[in-house]
Amino acid sequence: MVYHNLKALIKGIRACKTVADERALIQQESAAIRASFREEDTFARHNNIAKLLYIHMLGSPAHFGQIECLKLVASPRFSDKRLGYLGIMLLLDENQEVLTLVTNSLKNDMNHTNMYAVGLALCTFANIASEEMSRDLANEIEKLLGSSNTYIRKKAALCALRVIKKVPELADHFTDKSKGLLTDRNHGVLLTSITLVTEMCQSDPAILGEFRSAVPLLVRNLKSLVTTGYSPEHDVSGITDPFLQVKVLRLLRLLGRGDVEASETMNDILAQVATNTDSTKNVGNSILYETVLTVLEIEADSGLRVMAINILGKFLSNRDNNIRYVALNTLNKVVTIDTSAVQRHRNIILDCLRDGDISIRRRALELSYALINETNVRILIRELLAFLEVADDEFKLGMTTQISLAAERFAPNKRWHIDTVLRVLKLAGNFVREEILSAFIRLVAHTPELQAYTASKLYIALQSDISQESLTLAATWVIGEYSDILLEGGIVEDDTTKPVTDKDMVDLLMSVMDSPYSNYLTRQFVVAAITKISARTTTSIAQQNHVAEILSRYVASPELELQQRAVEFSALYALGDLRIGVLERMPPPEIKQTVMGVVSENKPVGSTQNQDVDLLGSDDTPAATSGQADASNNESLLAEIFGGSSTSGSSAAPAQQQASAVDDIMSLFGSPAPSTATSPLSTTAPAPSAFSLPQSQAPPQQQQEPAAPRLTTYPAYEKHELRISLTPQTNAQRPGVVNILARFQVAGSTAVTGLSFQAAVPKSQQLQMLPMSSPDINPGATETQQMRVVAPVGSAVRLRLRISFSVQGQAVQDQVDFSGFPPGLTSGT
């Protein structure tokens, strides 16, 4: 059955009882429409296109009607043109070749005597114009911008916007006409012209200066909108044309940015808008928000900035979650501009931590971190700790990091700092980064006057809760390291001192070992701790035998690290008094800044700039991200350093290993495994990587400072007709930085090809490498490669070199350890 018009087709489709019936009907009707198109039935074409567009809206193919739409556009009847242009907009896009056939029709209709026909052509152009069509019709659009008809001017401005987006270099064609449009009294024309000017200023900064002269005109337009009485044509909830006001404010924001004179011109009207706009309705809030953004981006007076921040503070009291979220998000961006003004709204921001909306809590947290300083650290940390107690798990990792960083940076005294970190460990010990835990251990080691206090607190905390991993690790390490202090002073709880014996400490640690919360790292710490306790206290024979029995229990442990420690400590027991010297108290490790800005939040605590901070505050090494730190493990790190898949383009990979990897990594240099007293938490700092193995990572050019030459060359490798020598260079002004030039030469008469030169340094050092000049070395030629080692001042530079190459068709792979540089090299002498 063929339906003669659109109304009948809609009835027929709605009468279908199943999807299959509907699909069959549409296919039948589409076939009938195609047959009618072939018959060139001009009278039925209008109805057929109308039906086809409805079929297209239902999701069925309708592309075969594109040419028929073009024929309708060429019709002199307005109704045919309207339907034809509608079909073109629906069935065509800028990527189809048929679009080139539309250009001539659009050009003819843009010069039509009927303004509605012109409007149809402009509307179609604004929706589907391609880059080629924009170039062809740009002059027509420019001409229509000067039309005396407001209806046409408005649509022409939108078409000019399309042209600029497609061909930005044509923006200067519309500059003069756009300036004239800004004086138009019609709100529709003014709205589209401001949109056009805004796009022009954003696409070409050179045009921005030309429109700064229009600032007084825009200010006048905005003032008339603010002061005009009730206008039913443009009124929205009692505010005159809020859409136009928002557009004007956005353009003023662009024009006033970085220009003092333009900003001075708009200061008064911005203050007037901020004061007179009704904030009880959403329409007024949208205008106030745009006003705030404008004030904060232009060179506004300080008083005006404070007013803008106060408006955001008022938004925080709004019941609408969207408005509060917007306020928090904006305050996060402006807290670096005027921290003191944001501080006035601290209480409201802290109240948002208890909001039911998780996104608001997240933004309030980020803002709270940025507000922390020396004067309010106690108050804000107290509030954050209270929130940490009830926070979702996804917040805890970032919160423990930020609270610990704030305590480290702004702590009024060491005791408060220790109490704060202890509280964090108790509340969220399973969500504490290794760097934070290491920093806490360093703090305790460098605060001898509080070691007894800290050990006592951790002992009590461990007695009451062994489920928090970081708390367990910290308590185990401190109890093992300072067991003699606990034995001497006892446990202080509620102003009462309770004596403690070495048996009590060992029993407590063994309860940790046997608990369901114990893991491989906890067990390693416990074994080390009980060994240190037995070595530093005058324990009874029975207690000594008990510890020895515990160690012997783990000599056959399936956990390799635990087994190794148990074997080593059991061997120490056989050495008698020698173990006392081996397990004596560790010297305080070197104090280093804790990792900054590696949590999910964008700002580090107390930040004054919205930028990332390096891991160690160093300019020489790129900062590692927390994702890299968490992802690395022993196997992946070793595979990266010495795996066969290494390429010449490999770069230094920052890695923050699990604590148990330290012994394995140090053993690569042939060093004996460190004693348990040097457990992972006792390392001096969280270094970016255990070893650095780059091949092509070039240091920033500004760091290539001329170094004082040290012309002594040291041979590093000479086998298989390949000779490698290393020439170090240092600079007295930069101790700890050693530039090394590696030279590659052929010792015989056969070329060496496919050379891959890799290097690794100990964990305490960092390495950067430039690409090799050439991987192929011919007889008589010398190829080079630059390296830079950053090491602690006074330490020896040690390298592990891995060389692979081909000579005479045979593949050679070799590995050597090099430590031939003279002592004192890193001192710059």
Side-chain angles (χ1 to χ4, degrees), residues 246 249-250 252-277 279 284-318 323-353 360-381 383-384 402 405-406 409-410 596-597 601-613:
V246 166
L249 287 167
R250 287 178 181 172
L252 289 176
R253 183 157 72 241
L254 279 175
L255 299 176
R257 187 183 299 154
D259 190 289
V260 178
E261 184 178 352
S263 301
E264 182 66 29
T265 306
M266 60 184 79
N267 272 340
D268 291 341
I269 186 60
L270 291 175
Q272 190 173 350
V273 172
T275 305
N276 296 339
T277 303
S279 62
N285 287 328
S286 65
I287 295 175
L288 287 174
Y289 176 64
E290 292 295 335
T291 305
V292 167
L293 293 182
T294 303
V295 168
L296 295 175
E297 287 200 31
I298 67 172
E299 306 299 318
D301 296 332
S302 57
L304 202 55
R305 288 181 184 274
V306 172
M307 179 188 293
I309 293 175
N310 288 342
I311 291 174
L312 293 176
K314 192 183 296 183
F315 281 176
L316 292 177
S317 305
N318 199 296
I323 294 176
R324 285 156 61 207
Y325 179 87
V326 164
L328 288 169
N329 206 31
T330 310
L331 286 171
N332 261 310
K333 297 175 183 177
V334 305
V335 67
T336 57
I337 299 174
D338 194 342
T339 308
S340 59
V342 181
Q343 288 279 7
R344 297 191 187 100
H345 308 286
R346 187 178 65 206
N347 293 334
I348 303 178
I349 294 168
L350 292 175
D351 286 340
C352 291
L353 291 175
I360 290 180
R361 296 201 301 272
R362 187 184 303 279
R363 291 292 169 262
L365 264 181
E366 292 177 5
L367 190 53
S368 300
Y369 300 148
L371 291 177
I372 299 175
N373 57 32
E374 293 87 347
T375 59
N376 62 19
V377 63
R378 289 178 182 269
I379 299 171
L380 283 176
I381 293 297
E383 293 289 340
L384 290 175
Q402 293 286 20
L405 292 177
R409 186 174 179 185
F410 302 116
M596 296 287 287
E601 289 74 21
N602 294 326
K603 290 194 182 77
V605 291
S607 64
T608 55
Q609 298 182 17
N610 188 12
Q611 60 185 13
D612 294 334
V613 184

Tell me, please, which residues at least two apart from N310 pass side chain to side chain donor-acceptor pair (under 3.5 Å).
H345
If you round to the nearest 0.5 Å, how far is CG of D351 from CD1 of I360?
12.5 Å
Does the side chain of R361 come within less than 4.5 Å of L353's, by heavy atoms?
no
How long is the gap from CG on D301 to CE on M307, to the nearest 0.5 Å?
10.0 Å
What I'd like to find out is whether the side chain of L365 reaches to under 4.5 Å of the side chain of L384, using heavy atoms alone.
yes
Quick one: do T277 and T291 satisfy side-chain contact (heavy atoms from CB on, under 4.5 Å)? Show the steps, please.
CA-CA 10 Å; T277 303; T291 305; 5.8 Å; no
Could you tell me whether a side-chain N or O of N276 sits under 3.5 Å from a main-chain N or O of V273, the two making a donor and an acceptor?
no
Taking N332 for its side chain and R363 for its backbone only, find out whether a donor-acceptor pair lies under 3.5 Å.
yes
For a quick check under 3.5 Å, do D338 and S340 share a side-chain donor-acceptor pair by atom type?
yes
Working for side-chain contact (heavy atoms from CB on, under 4.5 Å), residues N267 and I298
CA-CA 9 Å; N267 272 340; I298 67 172; 4.2 Å; yes
K314 side chain near L288 side chain, heavy-atom distance below 4.5 Å
no
With rounding to the nearest 0.5 angstrom, report the CD1 to CD1 distance, I379 to I372.
11.5 Å
Intermediate values then yes/no, side-chain contact (heavy atoms from CB on, under 4.5 Å), R346 and L380:
CA-CA 9 Å; R346 187 178 65 206; L380 283 176; 3.7 Å; yes
Those residues that, when tested against L316, pass side chain to side chain contact (heavy atoms under 4.5 Å, CB included) (two or more places apart)
A327, L328, L331, I348, I349, C352
Determine, stepwise, if the pair V295 / R253 fulfils side-chain contact (heavy atoms from CB on, under 4.5 Å).
CA-CA 8 Å; V295 168; R253 183 157 72 241; over 6 Å; no
At what distance, to the nearest 0.5 angstrom, does CZ of F315 lie from OG1 of T330?
8.5 Å
Any chance you could measure L293, atom CG, to L312, atom CG, to the nearest 0.5 Å?
8.0 Å
Give me each pair satisfying salt bridge (charged side-chain N to carboxylate O under 4.0 Å, His left out) with a member in residues 255-269, each pair once, sequence neighbours excluded.
R212-D259, R257-E297
Any donor and acceptor pair, going by atom type alone, linking the side chain of N373 with main-chain N or O of T375 inside 3.5 Å?
yes
With distance as the sole test, does S263 use its side chain to make a donor-acceptor pair with the main-chain N or O of G256 at under 3.5 Å?
yes
Value for CD1 (I309) from CG (L296), rounded to nearest 0.5 Å, stands at 6.0 Å
So, N376 side chain and L371 main chain: donor-acceptor pair closer than 3.5 Å or not?
yes
